[in-house]
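So you know, we letter chains A, B, ... as the sequences are listed, proteins then strands, and number each from 1. None of the values given here were measured: they were computed from a predicted structure. Hydrogens, waters and symmetry mates play no part in the numbers below; they use all other heavy atoms, side chains included.
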Amino acid sequence: MSFGKGCHLHLIDGSAFIFRAYHALPPLTRKSDGLPIGAVSGFCNMLHRYVEGNTGPDAPTHVAVIFDKGSHTFRNDLYDLYKANREAMPEDLRPQMPLTREATRAFNIACEEIEGYEADDIIATLSCQARDAGGRVTIISSDKDLMQLVGDGVEMLDAMKNLRIDVEGVEAKFGVTPDKVIDVQALAGDSVDNVPGAPGIGIKTAALLINEYGSLEELLDRAEEIKQPKRRQTLIEKREQIELSKKLVTLDCNTPLGFTLDDLEVKEPDPDVLLPFLAQMEFRTLTKRIAEGLGVEAPSVPEPEVSAGTGAIEDSVPDAPAINPEAYETVRDAEALQNWIDRIREVGHVAVDTETTGLDEMRVDLVGICLCVDAGTACYVPLTHKAEGESGGLFGNDELAEGQMPLNQALDMLKPVLEDDAVLKIGQNMKYDAKILKRYGINVAPFDDTMLISYALNAGLHGHGMDTLSERYLDHVPIPIKELLGSGKSMITFDRVPIDKATRYAAEDADITLRLWQVLKPRLHREKVTTVYETLERPLSPVLAEMEMHGVQVDRDTLSRMSNAFSQKMAQLEAEIHELAGESFNVGSPKQLGEILFDKMSLPGGKKGKTGAYATGADILEDLATEHELPARVLDWRQLSKLKSTYTDALQEHINPETGRVHTSYVQTGANTGRMASTDPNLQNIPVRSEEGRRIREAFVAPEGKVLLSLDYSQIELRILAHVAGIDALKQAFHEGQDIHAATASEMFGVPLDEMTSEVRRQAKAINFGVIYGISGFGLARNLRIPRAEAQGFIDRYFERFPGIREYMDETTAFAKENLYVQTLFGRKIHTPEIAAKGPRAGFAKRAAINAPIQGTAADIIRRAMIRMPEAIAKLPAKMLLQVHDELVFEVEAGAEEDVIKAARAIMEGAADPAVKLDVPLVVDAGRGANWAEAH
DNA sequence: CCTGTCACG
DNA sequence: GACGTACGTGACAGGG
């Protein structure tokens with residue numbers, strides 16, 4: 001039948017179906033091989049329900065499921081930030097995508113997608129064609145972007161709510177008729193698709209304006225007539241942006257299609273195609289139900305093994321054999337390795353662990369690789385072990401041990417598997433192994449990481465190292481590496497470990513990793529932290545790996561000159577100190593210093609700590625320094641000593657001889673709040689507060705022809721506090737771009753902003769920070785060096801002025817006591833078991849519980865920005881190098897600074913979207929320079 | 001190995 | 001009434 005009058009076309013938004021199915025269901029896997037299958041299952045159920053419901057006069061004559069193909073469309077060419085806020089597709093959803101297409105065809109429904117176009121454009125084109133041919137159209141979707149198509153026989157159907165959306169429905173949503181929807185969308189913008197629109201104008205205002213002026217073009221041409229000054233200004237200044245937004249939201253009715261409406265005619269499903277497909281997916285219930293409906297016999301689906309006493313979705317790990325290091329295989333040739341590769345492909349996943357000559361991923365060599373496909377089934381592939389014995393003479397024996405595959409041959413065989421989309425690689429701290437393998441030309445993907453899974457589940461409860469996890473979840477103590485390598489001076493490297501011994505240790509690690517994955521992975525869904533793991537943890541790991549491998553250039557000469565200068569100054573100070581003390585002693589020894597100050601010189605304020613030594617911290621020395629020379633000199637000496645030992649000397653040791661750069665390691669699970677830690681070296685505590693310290697940053701440089709950029713969030717934690725505690729006065733101040741500490745001071749003390757003194761502002765600033773930390777009178781008093789009663793007075797006044805803060809604190813502590821955890825806005829859990837403690841520890845836990853959601857939400861936001869950053873700057877000559885909690889540092893080709901700042905700022909300021917709609921704007925400040933001191 | 005000290009956000 | 005307290009980290013030196 002040729003499409004025409006009397007025909008009824010159904011267009012199903014396939015991507016919407018898939019995502020609904022994916023998020024509605026737990027992460028089911030195919031029993032026989034562990035293939036993730038939840039979304040396909042839900043998708044098939046939805047299709048089936050849809051087909052079942054197609055009876056009566058409204059039944060379609062033509063139908064198609066329309067999918068998106070690829071992520072780059074013509075809209076990205078118009079605007080490179082289009083949909084830049086999109087969360088990456090979950091890794092376990094990706095392999096299911098082709099299966100949903102197969103499923104559609106198995107149901108004998110037309111399945112269409114076109115490279116470079118969104119599904120919405122194909123839907124628009126088909127709708128126009130069908131309407132022009134005189135037929136009816138129903139779009140099965142609730143996406144507001146499709147509402148512009150409604151009218152003239154085109155309607156939408158929200159399949160979940162079973163709600164038809166017609167012209168009235170669109171008017172209710174947008175306040176205008178469907179033909180003007182794009183004008184409203186162009187003005188209002190869309191944070192989900194990252195369409196900019198006109199800032200400050202939402203759907204309500206947009207509809208008002210469009211209805212008044214008739215069209216967007218008319219409105220923009222006559223913008224001068226608008227009474228509200230801010231609105232007028234926006235429309236005039238942002239005209240280009242608004243016109244671009246209209247292009248972005250306008251669907252293309254002329255998409256080149258490789259098919260016609262007639263190709264979409266409704267067909268009966270073929271039982272011989274549909275049922276085998278469902279059986280192959282191992283959907284037992286659905287196969288049976290559909291077979292009954294079609295009146296044919298259901299093909300057999302293998303029965304899942306039933307483990308006693310547990311439900312189907314429970315994380316019952318099949319009875320695993322005990323861990324037995326003697327059972328592991330040593331793979332010594334290509335034939336044996338091929339057997340393992342075949343097995344991995346069959347199973348679809350593999351635990352991988354690499355053994356190396358040390359811990360610095362940028363310098364060590366690969367020694368061997370371990371693989372595990374099932375609990376107890378693991379092997380070790382030794383590659384570069386050295387022959388035993390000292391027989392090589394003076395330089396040791398550097399010959400390779402017998403019985404190992406050539407390194408290149410093994411890597412060539414493993415590369416396709418390690419990079420295969422269809423094979424999930426499982427690691428414990430996969431970032432380490434991924435970096436090693438990357439240096440050998442292998443890009444490991446996709447992957448799961450048991451360390452990150454544990455962190456998403458249990459941050460605050462315990463550590464996430466393999467030894468901890470193994471003891472806790474497998475009740476097994478792994479072989480300590482010390483048993484192989486020894487310790488101290490006589491320690492050897494892994495390539496000197498005999499292969500049989502190495503096999504037991506190394507393969508055990510892979511075995512443990514796989515078992516941990518089996519135990520921990522299913523818990524993500526039950527603990528409702530799947531999204532945290534998939535959007536904040538797993539995708540960050542490769543981003544960090546790239547930053548670490550790239551490193552930052554550090555100038556050795558600058559550091560070395562500073563070291564010398566510090567040495568001289570310290571020697572001078574030391575002499576003065578000894579002179580003042582009347583004797584020579586070790587200035588760097590707090591114990592000796594305490595005895596000089598408080599015993600010999602009898603200065604006041606000598607307090608002994610629990611070890612019996614006098615406390616000589618900076619705060620105490622500062623008090624003494626107003627009256628005495630010696631403590632003042634010691635403070636200067638200490639500052640220099642710190643700078644020299646921790647920075648100017650130690651940093652030089654960290655310059656990689658091959659790259660000439662410093663490669664830090666970020667510990668993703670380092671802080672319980674979601675922050676990261678930086679180690680070897682720690683590049684998150686390079687001095688900045690003191691003038692002398694800040695000069696260390698001059699040694700962090702951009703290479704010739706490049707520039708360093710630093711972008712940092714302005715007051716992000718206070719903004720989050722304003723949002724979560726709902727403090728209108730603070731929100732207002734942020735919206736108006738006020739100096740927040742001055743605004744706080746003004747609100748608290750009633751001082752007008754133009755009469756603000758720096759002293760009053762300083763006090764308000766201390767209070768603002770105090771609030772974030774879970775304020776106490778004592779702490780504030782100490783920080784401000786004022787009497788405790790006065791500090792308490794400030795706090796009381798603060799709570800009086802901002803009662804929402806107290807409510808937030810009370811609610812947060814109550815939540816923590818009830819649940820033993822707190823949460824960030826993005827769903828990250830931070831466990832606070834100590835909240836139940838008695839005594840002083842309860843105070844600690846309470847303040848930590850108040851602080852964690854704020855610090856953690858800020859950490860989540862910058863993580864989201866970092867995850868999206870590589871794509872956003874992919875086409876620019878820029879690299880992201882460092883993260884310092886609220887700051888990102890980039891290395892950029894000179895000349896491209898503006899473009900990079902623009903792109904990176906957009907990502908950072910929009911990083912909360914679309915998951916969380918903040919009541920306060922996020923603001924990012926940017927700096928640039930030849931070195932980090934200038935850029936910051 | 002632990003403690004004190006001090007660098008950062 | 002006393003106890004102790006701002007939150008989160010990592011590196012280094014001294015000292016047992």
Using a distance-only criterion (donor-acceptor N/O pair, under 3.5 Å, no hydrogens), is the base of C:dT5 paired with the side chain of A:R841?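 Not at all, since no donor on one side and acceptor on the other fall under 3.5 Å apart.
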Side-chain donor/acceptor of A:R847 to base of C:dG8, under 3.5 Å: no
At 4.0 Å (heavy atoms only), tell me whether [X] reaches a base, stays on the sugar-phosphate, or touches nothing.
X      : result
A:S678 : sugar-phosphate
A:A859 : nothing
A:Q639 : sugar-phosphate
A:R788 : base
A:G770 : base
A:S776 : base
A:F769 : nothing
A:A842 : nothing
A:N783 : base
A:I775 : base
A:E717 : nothing
A:G617 : sugar-phosphate

Whole-Å distance separating the [atom1] atom of [X] from the [atom2] atom of [N]:
X      : N     : atom1 : atom2 : result
A:E622 : B:dT5 : CD    : P     : 13 Å
A:H831 : C:dG8 : NE2   : C1'   : 18 Å
A:Q715 : B:dG9 : CD    : C1'   : 12 Å
A:I686 : C:dT9 : CD1   : C1'   : 14 Å
A:L593 : B:dT3 : CG    : C1'   : 16 Å
A:K591 : B:dT5 : NZ    : P     : 14 Å
A:N685 : C:dT9 : CG    : P     : 14 Å

A:K431 with A:D449: basic N within carboxylate O range, under 4.0 Å: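 No, this pair does not count.
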Between A:R633 and A:E574, does any side-chain N to carboxylate O distance fall below 4.0 Å? no
Apply side-chain contact (heavy atoms from CB on, under 4.5 Å) to residues A:R806 and A:D810 and explain how you reach the verdict. CA-CA 6 Å; A:R806 157 123 304 149; A:D810 292 346; 3.6 Å; yes
Quick check on [N]: is either OP1 or OP2 less than 4.0 Å from any side-chain nitrogen or oxygen of [X]?
X      : N      : result
A:N586 : C:dG14 : yes
A:R689 : B:dG9  : yes
A:R638 : B:dC6  : yes
A:Q684 : C:dA11 : no

Quick check on the 6.0 Å ring-centre criterion: do A:Y798 and A:F794 meet it? no
With the side chain of A:Q855 defined as its heavy atoms from C-beta on, choose the nearest nucleotide among C:dC7, B:dC6, B:dC8. C:dC7
Rounded distance [0.5 Å steps], CG in A:D360 versus NZ in A:K435: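 That separation rounds to 7.5 Å.
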Say whether, by atom type as modelled, one donor and one acceptor occur between the side chain of A:Y666 and the main chain of A:Q883 under 3.5 angstrom.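 Flag set: sc A:Y666 to bb A:Q883 pair under 3.5 Å.
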